[in-house]
Amino acid sequence: VDSSGFSLVSEEQQITGCNDERQCIAQTLEALSAGSKQFQPVLPERTRVLGVEVEGDLARVNFSRDIVDRHPGGSLSELLTVYGVTNTLAVNFPSLRRLQILVDGKIEPTLKGHVDISRPIKAEFRYSYVPRAQDEVTPLPEVVGEGAAPEVGAE
């Protein structure tokens, strides 16, 4: 999340030491929880990936309860968390088109009451920017078609 707290930004990190797709997905998402020196983390502090399952184009990611308990709440913050995770998977694992978020092994309706996570979510890049220079950002074009998703459950 950029310094304004209003959009997602792309940041490249090298993830090493993963041997299979599920392990690589878990390590990539744990890097989102750790954040970076330049940007705010997408996932709340101490959020852990408890498990990953892949079935076709769907990834089911089981997060620790910290994703809910430590989440700051608010509709925009929830949107940035949900789409930050979903977009990260879609960009780094092109065969994955959808994400089902689980919390302690269960399907939850929302993280904090705003964004529907009870069903698989498709990537949505309207909340994303690609950094061009130090403080200058350019919006990504809106994705239309297969990768786009409506604002399901957003308030």
Side-chain angles (χ1 to χ4, degrees), residues 1-2 6-15 18-36 39-130 139-155:
V1 179
D2 72 356
F6 290 109
S7 62
L8 297 168
V9 288
S10 177
E11 180 179 66
E12 192 172 309
Q13 289 187 25
Q14 190 66 31
I15 307 294
C18 58
N19 299 316
D20 67 23
E21 185 179 45
R22 291 179 315 167
Q23 183 182 27
C24 291
I25 290 168
Q27 286 181 296
T28 300
L29 296 178
E30 286 174 0
L32 285 179
S33 183
S36 73
F39 301 112
Q40 301 171 43
V42 167
L43 291 167
E45 185 180 25
R46 298 188 198 162
T47 299
R48 295 180 330 276
V49 175
L50 303 177
V52 175
E53 293 178 22
V54 176
E55 184 178 313
D57 70 345
L58 172 67
R60 286 186 191 90
V61 180
N62 185 15
F63 289 98
S64 65
R65 185 101 203 134
D66 298 303
I67 194 170
V68 173
D69 294 345
R70 295 182 166 276
H71 199 281
S75 57
L76 179 60
S77 182
E78 273 188 65
L79 284 166
L80 295 178
T81 295
V82 169
Y83 289 114
V85 172
T86 306
N87 296 355
T88 295
L89 294 183
V91 168
N92 290 286
F93 303 91
S95 65
L96 298 178
R97 306 303 299 159
R98 301 174 299 142
L99 167 69
Q100 177 69 66
I101 295 174
L102 304 172
V103 179
D104 279 343
K106 298 177 187 153
I107 294 174
E108 296 284 339
T110 68
L111 294 177
K112 289 288 194 180
H114 301 281
V115 181
D116 182 3
I117 61 168
S118 66
R119 297 175 291 172
I121 302 154
K122 291 183 179 180
E124 173 59 74
F125 294 95
R126 81 173 76 185
Y127 306 104
S128 301
Y129 289 84
V130 177
L140 288 173
E142 186 168 325
V143 177
V144 177
E146 186 177 317
E151 285 188 44
V152 176
E155 292 185 349

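Quick note: numbers below take in every heavy atom, side chains included, and nothing from hydrogens, waters or symmetry partners.
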State whether the side chain of [X] and the backbone N or O of [Y] hold a donor-acceptor pair below 3.5 Å, judged by distance alone.
| X | Y | result |
| --- | --- | --- |
| Thr81 | Val42 | yes |
| Thr47 | Ser33 | no |
| Glu108 | Asp116 | no |
| Asp2 | Phe6 | yes |

(message) Counting only heavy atoms not in Arg65 (residues, nucleotides, ligands), do more than 12 fall under 6.0 Å from its CZ?
(response)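 Yes, CZ of Arg65 has more than 12 neighbouring heavy atoms, counting only those of other groups under 6.0 Å.
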
(request) Step through the shown structure and confirm whether more than 12 heavy atoms of other residues, nucleotides or ligands are within 6.0 Å of CD on Gln13. (result)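 Counting other residues, nucleotides and ligands, CD of Gln13 exceeds 12 neighbours.
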
Nearest non-hydrogen partners of [X] and [Y], listed with the distance:
| X | Y | value |
| --- | --- | --- |
| Leu29 | Leu43 | O-CD1, 3.4 Å |
| Pro44 | Ile67 | CG-O, 3.7 Å |
| Gln23 | Asn19 | OE1-N, 2.7 Å |
| Ser64 | Asp104 | CA-OD1, 3.8 Å |
| Phe39 | Glu11 | CD1-OE2, 3.6 Å |
| Gln100 | Arg119 | OE1-C, 3.4 Å |

Which value, rounded to the nearest 0.5 Å, describes the distance between [X] atom [atom1] and [Y] atom [atom2]?
| X | Y | atom1 | atom2 | result |
| --- | --- | --- | --- | --- |
| Thr110 | Glu78 | OG1 | CD | 5.5 Å |
| Phe125 | Thr86 | CZ | OG1 | 9.0 Å |
| Asn92 | Glu12 | CG | CD | 9.0 Å |
| Glu30 | Ile25 | CD | CD1 | 12.0 Å |
| Asn62 | Ile101 | CG | CD1 | 11.0 Å |
| Leu80 | Gln40 | CG | CD | 9.0 Å |

(request) Start with the C-alpha gap between Val61 and Val85, add the side-chain angles, then the distance that decides, and say whether side-chain contact (heavy atoms from CB on, under 4.5 Å) holds. (result) CA-CA 10 Å; Val61 180; Val85 172; 5.8 Å; no

Min side-chain heavy-atom separation [X]-[Y] under 4.5 Å:
| X | Y | result |
| --- | --- | --- |
| Leu50 | Phe63 | no |
| Lys112 | Ser77 | no |
| Val68 | Leu111 | yes |
| Asn87 | Tyr127 | no |

(message) As a quick check of understanding, evaluate side-chain contact (heavy atoms from CB on, under 4.5 Å) for Leu96 and Leu58, giving each step before the final call.
(response) CA-CA 6 Å; Leu96 298 178; Leu58 172 67; over 6 Å; no

(message) Is there a side-chain contact (heavy atoms from CB on, under 4.5 Å) between Arg48 and Asp66? Walk through the geometry before answering.
(response) CA-CA 8 Å; Arg48 295 180 330 276; Asp66 298 303; 3.7 Å; yes

(request) Could you walk me through whether Thr28 and Phe93 pass the side-chain contact (heavy atoms from CB on, under 4.5 Å) test, one step at a time? (result) CA-CA 10 Å; Thr28 300; Phe93 303 91; 3.8 Å; yes

